[in-house]
Amino acid sequence: GAFACLHPHEMPLSARLALRLEQDGVPLTEHEHELLFKNLRSARNRPAHGKVPNAPTRAEIHHGISIVARMLVYRIARRGH
């Protein structure tokens, strides 16, 4: 990709996350990918840049938490091998 020549710590957060998801083999549906990389990312970035956030719903927040929990399980399992 566009960031292939960069060290991971030099890559944007979203690129590092996408790389880690791929490396760890974490399954994501298209909806989950959109939730993480568009909806929740926007909700996080807007206030960080002085803008009014588009607040995610409680269901979106809980779904995001479940995705992160899945990511952790896959990461732990990968390190165990």
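Computation of the quantities below employed the complete heavy-atom set of this structure, encompassing side-chain atoms and omitting hydrogens, waters and symmetry-equivalent molecules. Residue indices begin at 1 and follow the sequence shown.
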Asks: Between Ile65 and Leu35, is there a shared hydrophobic cluster once you connect ILVMFWY residues whose side-chain heavy atoms come closer than 4.5 Å?
Replies: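 Result: no, two separate clusters.
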Asks: Among residues at least two apart in sequence or on other chains, which ones pass side chain to side chain donor-acceptor pair (under 3.5 Å) with Gln23?
Replies: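 Gln23: side chain to side chain donor-acceptor pair (under 3.5 Å) contacts with Arg20.
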Asks: Using the rule that two of Ile, Leu, Val, Met, Phe, Trp, Tyr join whenever any of their side-chain heavy atoms come within less than 4.5 Å, decide whether Leu36 and Val26 are in one cluster.
Replies: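 Looking at the clustering, Val26 is in the same group as Leu36.
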Asks: Could you tell me the separation between the CG atom of Leu28 and the CD1 atom of Ile67, rounded to the nearest 0.5 Å?
Replies: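 So the gap between those two atoms works out to 6.0 Å.
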Asks: Which salt bridge (charged side-chain N to carboxylate O under 4.0 Å, His left out) pairs, counting each pair once, include a residue from residues 28-40, with sequence neighbours left out?
Replies: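 Matches after skipping sequence neighbours: Glu32-Arg70.
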Asks: If I compare all heavy atoms of Gly25 with all of Tyr74, which pair ends up nearest, and what's the gap?
Replies: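 Shortest heavy-atom contact: O-CE2, 3.3 Å.
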Asks: Going by the rule side chain to side chain contact (heavy atoms under 4.5 Å, CB included), which residues pair with Ser14 if we only count those two or more places apart in sequence or in a different chain?
Replies: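 In terms of side chain to side chain contact (heavy atoms under 4.5 Å, CB included), with neighbours along the sequence ignored, Ser14 is linked to Pro12, Phe37, Arg41.
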Asks: Say whether Leu21 and Val68 are linked into one hydrophobic cluster, either directly or through other cluster members, by side-chain heavy-atom distances under 4.5 angstrom.
Replies: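 Linked within one cluster.
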Asks: Apply ring-ring contact (aromatic ring centres under 6.0 Å, His included) to His62 and list each qualifying residue two or more places apart in sequence or on a separate chain.
Replies: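 Not a single residue meets the ring-ring contact (aromatic ring centres under 6.0 Å, His included) criterion with His62.
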Asks: Just to verify, what does Asn39 make a side chain to side chain donor-acceptor pair (under 3.5 Å) with, not counting sequence neighbours?
Replies: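 Expected list: Glu60.
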Asks: Enumerate the residue pairs fulfilling ring-ring contact (aromatic ring centres under 6.0 Å, His included) with a member in residues 11-31, sequence neighbours excluded, ordered by first and then second residue.
Replies: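 Counting only pairs at least two positions apart or across chains, the ring-ring contact (aromatic ring centres under 6.0 Å, His included) contacts touching residues 11-31 are His31-His63.
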Asks: Step by step, would you call Asp24 with Met71 a side chain to side chain contact (heavy atoms under 4.5 Å, CB included)?
Replies: CA-CA 8 Å; Asp24 290 347; Met71 292 164 51; over 6 Å; no
Asks: Please give me the minimum heavy-atom distance between Ile61 and Pro56, naming the atom from each residue.
Replies: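 Shortest heavy-atom contact: CG1-CG, 3.8 Å.
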